[in-house]
Amino acid sequence: MSYADLRELRSALTTASDIAFALDAAPSGQEAEQLSDALRRALAAAGALGAAHGATGCPEHPRGAVDPLYGDKDDPLPPGYGRCLLCNDRRRRASAQRGGGGGCPRRAAGGGGPGAGVRA
């Protein structure tokens, strides 16, 4: 939840309240439509507050990408991995550095590094 989201919700609710209190006993179609629009705006702002963790469920990257391997039965993620692609990528890199002695796997295999394919 950000301050801008909260400010948007308060603004939409104030607008809806002002319109509602200004209504007559028999509001016109235009007045009813204005109230509906203000309430839809308030509902959207309230939904944005509740979606603080977005699709990833990650507090650090709430609007980040979902890992395409999440939920894949053929190639499951290791235990402890979540939906966040950015966090999972960081975990993959850290485990590769610990297990592979660090560095890029292509360089360790003798390919793809600076000067690869250059004869002296």
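One finds the CD atom of Gln34 at 9.0 Å from the CG atom of Leu23 (value rounded to the nearest 0.5 Å). Put simply, OG1 on Thr15 and CG on Asp37 are 11.0 Å apart, with the number rounded to the nearest 0.5 Å. With values rounded to the nearest 0.5 angstrom, Asn88 atom CG is found 9.0 Å from Cys58 atom SG. Taking OH of Tyr81 as the reference point, atom CG of Asp89 lies at 9.0 Å (rounded to 0.5 Å). The CD atom of Glu60 lies 4.5 Å from the CZ atom of Arg90; values are rounded to the nearest 0.5 Å.
Between Leu77 and Arg83 the shortest side-chain heavy-atom distance does not fall below 4.5 Å. By the 4.5 Å heavy-atom criterion applied to side chains, Cys87 and Arg91 are counted as neighbours.
Nearest heavy atom pair, residue Arg41 against residue Ala12, reads NH2-N, 3.7 Å. Nearest heavy-atom pair, Leu39 versus Ala16, reported as atom, atom and distance to 0.1 Å: CD2-CB, 3.7 Å.
Tyr70 and Leu85 are members of different hydrophobic clusters when ILVMFWY side chains are connected at heavy-atom separations under 4.5 Å. By the criterion of side-chain heavy atoms lying less than 4.5 angstrom apart, applied directly or through intervening Ile, Leu, Val, Met, Phe, Trp or Tyr residues, Leu13 is grouped together with Leu6 in one hydrophobic cluster.
Here the side chain of Asp72 pairs a donor or acceptor atom with the backbone of Asp74 at under 3.5 angstrom.
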